[in-house]
Amino acid sequence: MLKVKKILVPIDFSEASETVLSLAASMAEQCGASLLILHIVEKLNYYAGLSVPHISFEELEKGLLSSATKKMEETLETMRPGNLVCASRVVAGRDVSEAILETAASEDSDLMVLGTRGHQGIERMLLGSVAERVLRNAPCPVLTVNPRGKVL
């Protein structure tokens, strides 16, 4: 039987990720596991060829990182019921799926609870699927939760 000591939960601060985080926190409490909450500030170099007056991508990334760190602190404050042990990481300037996979491996995560967005058709072809890339390469079991709250 799988012994779950550490659960990794990547979040994007959306309403859907709140549902995923709540489920993961409940699972962690039931298993006596710790919870590691992860947020990734995406790379902005995709837009490096664009010129936007009065905006520096470096300053924008710093602002996003600062905002994400503050939001993570607020999230952690609400996630401390009972004996739940929570930690968090905010990672900047990385590819989302790579950052999730690297964190799962470096933190020796036993389980990952990951939300899905439900992109379909051309949107999925163009945007790809973080969940799919993570599922294919994860160093630990992954429980996916779709935006409507169904466990897959």
Side-chain angles (χ1 to χ4, degrees), residues 1-47 57 60-61 63-152:
M1 178 178 219
L2 177 66
K3 178 74 174 153
V4 178
K5 294 179 186 173
K6 186 182 287 187
I7 300 174
L8 174 64
V9 188
I11 63 169
D12 62 5
F13 303 122
S14 67
E15 193 174 312
S17 73
E18 289 176 20
T19 301
V20 173
L21 183 54
S22 178
L23 173 68
S26 178
M27 291 175 68
E29 282 186 299
Q30 291 175 11
C31 296
S34 64
L35 193 63
L36 175 58
I37 307 167
L38 175 68
H39 177 76
I40 297 97
V41 176
E42 294 186 63
K43 289 195 274 188
L44 296 178
N45 67 347
Y46 297 118
Y47 307 103
F57 285 118
L60 180 57
E61 188 171 284
L64 290 170
L65 182 58
S66 174
S67 177
T69 301
K70 183 177 179 178
K71 184 70 175 166
M72 184 64 82
E73 289 169 3
E74 293 169 5
T75 300
L76 268 178
E77 296 238 347
T78 66
M79 294 304 304
R80 297 201 187 265
N83 295 324
L84 182 61
V85 176
C86 287
S88 67
R89 303 277 184 285
V90 175
V91 180
R94 310 282 316 259
D95 174 77
V96 175
S97 56
E98 287 177 16
I100 292 170
L101 292 167
E102 287 175 14
T103 302
S106 69
E107 292 290 333
D108 293 322
S109 300
D110 299 303
L111 176 68
M112 188 184 319
V113 180
L114 180 66
T116 63
R117 291 249 182 182
H119 292 306
Q120 295 179 357
I122 192 77
E123 186 179 41
R124 182 172 180 176
M125 247 175 38
L126 294 173
L127 298 175
S129 169
V130 170
E132 184 176 348
R133 287 190 298 270
V134 169
L135 277 168
R136 290 182 187 274
N137 299 294
C140 62
V142 179
L143 172 66
T144 60
V145 181
N146 76 20
R148 293 169 207 87
K150 298 177 186 172
V151 179
L152 301 177

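Just so it is clear, the structure is predicted and the values come from calculations on it, not from any experiment.
A donor-acceptor contact shorter than 3.5 Å links the side chain of Ser17 to the backbone of Ser14. A donor-acceptor pair is defined here as one N or O able to donate and one able to accept, closer than 3.5 Å; no such pair exists between the side chain of Ser26 and the backbone of Leu23.
Considering Ile100, Ile7, Thr144 in turn, Ile100 is the only one that fulfils the side chain to side chain contact (heavy atoms under 4.5 Å, CB included) rule with Met112. For the side chain to side chain contact (heavy atoms under 4.5 Å, CB included) criterion with Leu8, the lone passing option out of Leu38, Leu35, Ile37, Asp110 is Leu38.
Ser97 pairs by the side chain to side chain contact (heavy atoms under 4.5 Å, CB included) definition with Asp95, Val130, Arg133, Val134, not counting sequence neighbours. Leu65 meets the side chain to side chain contact (heavy atoms under 4.5 Å, CB included) test with Val41, Thr69, Val90, Ala92; sequence neighbours excluded. In this structure Glu102 satisfies the salt bridge (charged side-chain N to carboxylate O under 4.0 Å, His left out) test together with Arg94, sequence neighbours excluded.
Listed by first and then second residue, the ring pair (Phe, Tyr, Trp, His ring centres under 6.0 Å) pairs involving residues 11-35 are Phe13-His39 (not counting sequence neighbours). Among residue pairs with one or both ends in residues 5-19, those qualifying as salt bridge (charged side-chain N to carboxylate O under 4.0 Å, His left out) are Lys6-Glu107, Asp12-Arg117; sequence neighbours excluded.
Considering OG of Ser34 and CG of Leu84, their distance stands at 8.5 Å, rounded to 0.5 Å. Rounding to the nearest 0.5 angstrom, the gap separating the CZ atom in Arg89 from the OG atom in Ser106 is 7.5 Å. The distance from atom CD of Glu132 to atom CG of Asn137, rounded to the nearest 0.5 Å, is 10.0 Å.
In this structure, the side chains of Val20 and Leu114 stay at 4.5 Å or more apart for every pair of heavy atoms. Using a 4.5 Å heavy-atom threshold, the side chains of Met27 and Val4 count as separate. For the pair Glu77/Glu73, no side-chain contact is recorded, criterion being any heavy-atom separation below 4.5 Å from C-beta on. Looking at Ile11 and Val9, their side chains come closer than 4.5 Å, going by heavy atoms from C-beta outward.
Listed here is the closest heavy atom pair of Gly115 and Ala131: O-CB, 4.3 Å.
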- Task: Apply side-chain contact (heavy atoms from CB on, under 4.5 Å) to the pair Thr103 and Leu36, showing each step before the final yes or no.
- Result: CA-CA 10 Å; Thr103 302; Leu36 175 58; 4.0 Å; yes
